[in-house]
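Remarks on the structure that follows.
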Number of protein chains: 2
Amino acid sequence: MGQEKILDFVLDNLKKVFFPEEWIRLDLSVSKTELLAMLIVDRYGEVIMSQISDYLNAPLSTTTGLVNRLVKNGYLQRERSEEDRRIVTIQLTDKGKTMMRELKATIESYLERFNALLSAEERQLLFKIIMKIVNELSRKDPDAENHEKQDHFLRKIPIE
Amino acid sequence: MGQEKILDFVLDNLKKVFFPEEWIRLDLSVSKTELLAMLIVDRYGEVIMSQISDYLNAPLSTTTGLVNRLVKNGYLQRERSEEDRRIVTIQLTDKGKTMMRELKATIESYLERFNALLSAEERQLLFKIIMKIVNELSRKDPDAENHEKQDHFLRKIPIE
DNA sequence: CAAAATACTTCGCATAAGGTACTATTCGTC
DNA sequence: GACGAATAGTACCTTATGCGAAGTATTTTG
């Protein structure tokens, strides 16, 4: 397949790239952004509003609205911190925890489906290639530096 | 890397999956949906409103608003068909064509960057793997059948 | 030729996202 | 320990997007 055909292939599949939620069958009751917010809460157990904002690269005003919705719909709960009363901490409710469990189960079933398609060598090489590409992409990312300076958190998961 | 670590890796990168436009540096002056509309116009040269609606899986009322914006901003032009005066045909303006050219150039430069990272064998195997995964994903897609029955268009690009 | 179907548009509403201004609390420093 | 600056959030308002329902114009069909 030549370079031009690859370009055509990419263009024909740009919709899938732009709207992955349509082909990844995660029939979600929350929006993509809401899911990401819940994800970060799930991964840290408890977060503060600013951490969600940082993670989403969104202003606090946006996060307030987002969390309002998730609280109203029973996925998150707010709590005013006692040590620093400016701070509001956010946790998952039981309903929220259940949803995250289901999300993980869905993703795992996808991973298994893909794994089944590939041989051990293919799997390994694919992993290597993905890492190369991820590194290449983050290398030229100007956010990389800006972001490091004043982070509320950001944990790096060491791979391999 | 074990299955669980892969899950963590996926979860940690879910944001990149959900919002690819943030790491694909396509500083766009139009929204994702608008870009997709322009893409389909570009690929067919001239389309009708219903074709855009079909492609976007959106009702015509949505498409009208979308095209209004793109016309107002000078990317598209409307024309009433003479053969069937109910039909409105859409084309790219020069400004729209320029934007699409730039989009393609950007994507090509990404492809080249990735290509440079991979050996010939890696490239080939990656292609094979992508095809396997794309096939697997589309295999279980219920839309696949529904869509075929009454399409305004939909061209399949034969790969390889 | 009248009724149905097609291709769109208009209008009004709902939601999401973000900017600006505001409140409450804590920190810094004198 | 008091007062201004900084921090953490919220409230309010505006804009953009998306869609349903109803309406218009044109073509098809029986």
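Everything numeric here is computed off the predicted structure, so don't read it as measured data. Proteins come first, then strands; the chains are lettered A, B, ... in the order of their sequence lines, and each starts at number 1. Below, all heavy atoms of this structure are taken into account, side chains as well, without hydrogens, waters or symmetry copies.
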Worksheet, complete the sentence: Heavy-atom closest pair (A/Leu126 atom, A/Leu118 atom, distance to 0.1 Å) is CD2-CD1, 3.8 Å

Practice prompt. Have a look at B/Arg78 and say if it touches a base, only the backbone sugar-phosphate, or nothing, with a 4.0 Å heavy-atom cut-off.
Written response: sugar-phosphate

Worksheet item: Does C/dT15 have OP1 or OP2 sitting under 4.0 Å from an N or O in the side chain of A/Arg69?
Response: no

Response to the item:
When rounded to whole Å, the CD1 to P distance for the pair B/Ile52 and D/dC19 reads 15 Å

Worksheet item: D/dG18 P sits how many Å from A/Glu21 CD, rounded?
Response: 12 Å

Discussion item. In whole Å, I'd like the distance from the CD atom of A/Glu34 to the P atom of C/dT15.
Written reply: 11 Å

Worksheet item: Side-chain donor or acceptor of A/Thr64 under 3.5 Å from a matching atom on the base of D/dG9?
Response: no

Worksheet item: Base, sugar-phosphate alone, or nothing: which one does A/Ile87 contact when heavy atoms must sit under 4.0 Å apart?
Response: sugar-phosphate

Item to complete: Ignoring backbone atoms, establish whether B/Arg85 has a side-chain N or O less than 4.0 Å from OP1 or OP2 of C/dT6.
Response: no

Practice prompt. Over all heavy atoms of both residues, which pair between A/Met49 and A/Leu60 is shortest? Give the atoms and the distance, please.
Written response: CB-CD2, 3.7 Å

Discussion item. Can you work out whether B/Arg86 or A/Phe19 has the more 5'-proximal nearest nucleotide on DNA chain D?
Written reply: A/Phe19

Worksheet item: What is the distance from CD of A/Glu83 to P of C/dA24, rounded to the nearest Å?
Response: 21 Å

Worksheet item: Would one find a side-chain N or O of A/Ser61 under 4.0 angstrom from OP1 or OP2 of D/dT10?
Response: no

Worksheet item: Is there a side-chain polar atom (N or O) of B/Ser50 under 4.0 Å from OP1 or OP2 of C/dC8?
Response: yes

Item to complete: Among D/dG20, C/dT25, D/dT26, find the nucleotide with the atom closest to the side chain of A/Asp84.
Response: C/dT25

Practice prompt. Report which part of the nucleic acid B/Thr63 touches: base, sugar-phosphate, or nothing (heavy-atom distance under 4.0 Å, all strands).
Written response: nothing

Worksheet entry | Integer-rounded Å distance: C/dA16 C1' and A/Lys72 NZ | 12 Å

Fill in: Minimum-distance pair of heavy atoms, taken over all atoms of A/Val30 and A/Leu35
CG2-N, 3.9 Å

Worksheet item: Within this structure, what is the CE-to-C1' distance between A/Met49 and C/dA24, rounded to whole angstrom?
Response: 15 Å

Practice prompt. Look at atom NZ of A/Lys16 and say whether more than 12 heavy atoms of other residues, nucleotides or ligands are closer to it than 6.0 Å.
Written response: no

Worksheet item: What are the two closest non-hydrogen atoms of B/Val47 and B/Ile40, and how far apart are they?
Response: CG1-O, 3.8 Å

Discussion item. Testing the basics here: between A/Asp8 and B/Arg43, what is the closest heavy-atom pair and its distance to 0.1 Å?
Written reply: OD1-NH2, 3.1 Å

Worksheet item: Is the phosphate of D/dG18, meaning OP1 or OP2, less than 4.0 Å from a side-chain N or O of B/Thr33?
Response: yes

Item to complete: Starting from C1' on C/dC8, measure out to CD1 on B/Ile48 and report it in whole angstrom.
Response: 10 Å

Worksheet entry | Distance in angstrom units between B/Leu36 CG and D/dG18 C1', rounded | 15 Å

Response to the item:
Result for 5'-nearest mapping on DNA chain C, choosing between A/Glu82 and B/Asn68, is B/Asn68

Discussion item. It should be established whether A/Ser31 places a side-chain nitrogen or oxygen under 4.0 Å from OP1 or OP2 of nucleotide C/dA16.
Written reply: no

